[in-house]
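Structure first, then comments.
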Number of protein chains: 2
Amino acid sequence: MIDHYKEYSLAYISVDCIVFGFDNGKLKMLLGRRQINPGRGEWALYGGFVSATENLENAAERVLTSLTGLKNIFMRQVGAYGAVNRDPESRVISVAYCALINVKDYDEELRKQYGLEWVSLEEIPPLFSDHSNMVEDALVMLRRRISNEPICFSLLPELFTLTQLQNVFEAIVGKEIDKRNFRKRAKQSNVIEETNIIDKLTSKRGAVMYRYNGNETDFRL
Amino acid sequence: MIDHYKEYSLAYISVDCIVFGFDNGKLKMLLGRRQINPGRGEWALYGGFVSATENLENAAERVLTSLTGLKNIFMRQVGAYGAVNRDPESRVISVAYCALINVKDYDEELRKQYGLEWVSLEEIPPLFSDHSNMVEDALVMLRRRISNEPICFSLLPELFTLTQLQNVFEAIVGKEIDKRNFRKRAKQSNVIEETNIIDKLTSKRGAVMYRYNGNETDFRL
DNA sequence: GCAAAAGTGTTGGAGATACACCCATGA
DNA sequence: TCATGGGTGTATCTCCAACACTTTTGC
């Protein structure tokens, strides 16, 4: 292979994953202690280097799968971060990916094995390097898209109650929503369908469960 | 400097700039013929490599300034592109930036010197590698943001008529807008202010000119 | 006087907001 | 029986879309 660019400089490429989950009425994210230098021991996103034979998305998927045991995770690129000194010792360009998972599907064994913690958004500690910026940007992206793309369902089990769905919305947009108005909107939208299954776990009366019907075109909620 | 990552692979980092301008009622972009291999002679975005001592944004600014002679160009990151074979001969990760400029400020000499052409969006030829994807993604981003961020003014001179502003909107969203409704919205919005200058160039009657008042908070148009 | 662009209001409908009480059941 | 979460309807308002004619003036 001829190297046409050899006069230019090279960099390491990494992916960093912002993994959001929804649990106990709160939006949380996975954080761990950095295992390698520089920054060993600091709170950080989980990431990995991109190998010579994989695309950026492949690398992010690989990292996410190794971390969670899950395949086909919902994932979006947040952006590229390349400040000269973002890694104090080498030139590393990092591409941040935001993933949404259902906490219940997550293998707790793996979580412990990797030393990861679910941290509420209000309690995020200072993070290694520019990881806090990545988190901030990912949140902005989520807020912008939650009403126009079917992303909220990635945070929920296949069957969910309207109250759960509303809680996800409230956690992402960060403010309370009127219950009657939300339910009206949800039912009028043609993106969820009622099932005849009643959830009796969270209430004595029981709540009707819904599922996403897969409609992506002109999604609106 | 200790290299902690030496077991991982390295890549070249480039930035590619999608430069939009508005001229003669149409949204156009700057394209050139690729000067180097691979892909020499193909239509492509203008880009450059990121040096060891500059941030991604700095590199994009440098490329844009060298290209246009302008400083402080409005610019947003579109995303990172890193398919293994996007460059057929070396591993190159490219970060795409979208820039908006006022064509009238552009130095025609520089344009010719770099062999660039203004091409209407409807007439975009096939582009080198994944550059067409970058353009597509940049357009989606523009459409999403034009109503919520003061980006349209970057495509216009400081003083502009409501008709010009409307033309910019129509070009970006790609459909016609009702004149009365648009003007009503524009005047009710608190982001533009009337001047007492009358533009007599484009109409016999003359049109009142407006300017952006700098309001960014809760921008809405 | 006519072509070309600027400028101007009203109406109806859809969707958003605000708001308070009853229901079913397990403990 | 009571505490808990599920479930419901109406009035108002705001925003958006549809729609056609008059004004000014250079030529």
Side-chain angles (χ1 to χ4, degrees), chain A residues 22-26 143-144 146-148 152 156-157 159-211 215 218-221, chain B residues 22-26 143-144 146-148 156-157 159-211 218-221:
Chain A
F22 184 76
D23 185 36
N24 214 344
K26 283 184 184 298
R143 289 197 190 110
R144 262 207 272 258
I146 186 172
S147 286
N148 305 304
C152 48
L156 291 168
L159 299 178
F160 49 85
T161 67
L162 290 183
T163 302
Q164 288 176 301
L165 186 62
Q166 177 173 350
N167 287 338
V168 168
F169 266 72
E170 289 179 332
I172 290 180
V173 304
K175 55 187 170 197
E176 291 194 352
I177 302 173
D178 179 87
K179 184 163 61 154
R180 279 172 293 188
N181 292 335
F182 181 83
R183 296 168 92 92
K184 199 191 318 174
R185 265 220 315 281
K187 288 180 174 177
Q188 279 169 4
S189 84
N190 54 345
V191 301
I192 58 173
E193 58 191 28
E194 199 172 330
T195 68
N196 50 14
I197 299 165
I198 306 292
D199 169 52
K200 301 279 286 181
L201 292 172
T202 51
S203 84
K204 301 169 178 173
R205 175 174 172 176
V208 172
M209 303 197 80
Y210 289 75
R211 74 156 63 81
N215 186 356
D218 295 319
F219 183 95
R220 175 86 217 162
L221 213 158
Chain B
F22 185 74
D23 185 35
N24 213 343
K26 283 183 184 299
R143 290 199 188 108
R144 262 207 273 256
I146 186 172
S147 287
N148 306 306
L156 291 168
L159 300 178
F160 50 84
T161 68
L162 290 183
T163 303
Q164 288 175 301
L165 185 63
Q166 178 174 349
N167 287 338
V168 167
F169 267 71
E170 289 179 333
I172 289 180
V173 304
K175 55 188 168 196
E176 290 193 352
I177 302 173
D178 178 88
K179 184 164 61 153
R180 278 172 291 189
N181 292 336
F182 181 82
R183 296 168 91 93
K184 198 191 320 172
R185 266 219 315 281
K187 288 181 175 177
Q188 280 170 1
S189 85
N190 54 345
V191 301
I192 58 173
E193 59 193 25
E194 201 171 329
T195 68
N196 50 14
I197 299 166
I198 306 292
D199 168 51
K200 300 279 286 184
L201 291 173
T202 51
S203 83
K204 303 172 177 172
R205 175 173 174 175
V208 172
M209 302 196 81
Y210 290 75
R211 76 156 60 81
D218 294 320
F219 183 94
R220 177 83 217 165
L221 212 159

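Letters A, B, ... are given to chains in the order of the sequence lines, protein chains preceding strands, and every chain is numbered from 1. Any value given below was found using the heavy atoms of this structure, including those in side chains, with hydrogens, waters and symmetry copies removed.
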Using a 4.0 Å heavy-atom cut-off, does Thr163(B) contact any base of the nucleic acid, only the sugar-phosphate backbone, or nothing at all?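 Sugar-phosphate, backbone atoms only, no base.
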
Under 4.0 Å, counting only non-hydrogen atoms across every strand here, what does Lys179(A) touch: a base, just sugar-phosphate, or nothing?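 If one applies the 4.0 Å heavy-atom cut-off, Lys179(A) turns out to touch a base.
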
Between Asn181(A) and Ser203(A), just flag the one whose closest nucleotide in DNA chain D comes earlier from the 5' side.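 Its nucleotide being nearer the 5' end, the pick is Ser203(A).
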
In whole angstroms, how far is the [atom2] atom of [N] from the [atom1] atom of [X]?
X         : N       : atom1 : atom2 : result
Glu176(A) : dA18(C) : CD    : C1'   : 14 Å
Phe182(A) : dC19(C) : CZ    : C1'   : 18 Å
Arg180(A) : dA11(D) : CZ    : P     : 13 Å
Leu201(A) : dT25(C) : CG    : C1'   : 14 Å
Asp178(B) : dT11(C) : CG    : P     : 16 Å
Gln188(A) : dA14(C) : CD    : P     : 11 Å
Arg183(A) : dT17(C) : CZ    : C1'   : 18 Å
Met209(A) : dG5(D)  : CE    : C1'   : 14 Å

N/O donor-acceptor pair under 3.5 Å between [X] side chain and [Y] backbone:
X         : Y         : result
Ser147(A) : Leu221(A) : yes
Thr161(A) : Val208(A) : no
Lys200(A) : Lys204(A) : yes
Asp199(B) : Leu201(B) : yes
Lys179(B) : Arg183(B) : no

Return the 5'-most residue of the pair Thr161(B), Lys184(B) with respect to DNA chain C, ranking by each residue's nearest nucleotide.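 The residue whose closest nucleotide sits nearer the 5' end is Thr161(B).
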
Between the base of dA6(C) and the side chain of Arg205(B), is one N or O donor paired with an acceptor at under 3.5 angstrom?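 Answer yes: a donor N or O sits under 3.5 Å from an acceptor.
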
Would you say the side chain of Arg185(B) and the base of dC15(D) hold a donor-acceptor pair, judged only by whether the two atoms sit under 3.5 Å apart?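 Result: no qualifying N/O pair found.
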
On the nucleotide dG5(D), are OP1 or OP2 found under 4.0 Å from the side-chain N or O atoms that Lys200(A) carries?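 False: Lys200(A) side-chain N/O out of range (4.0 Å or more) of dG5(D) OP1/OP2.
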
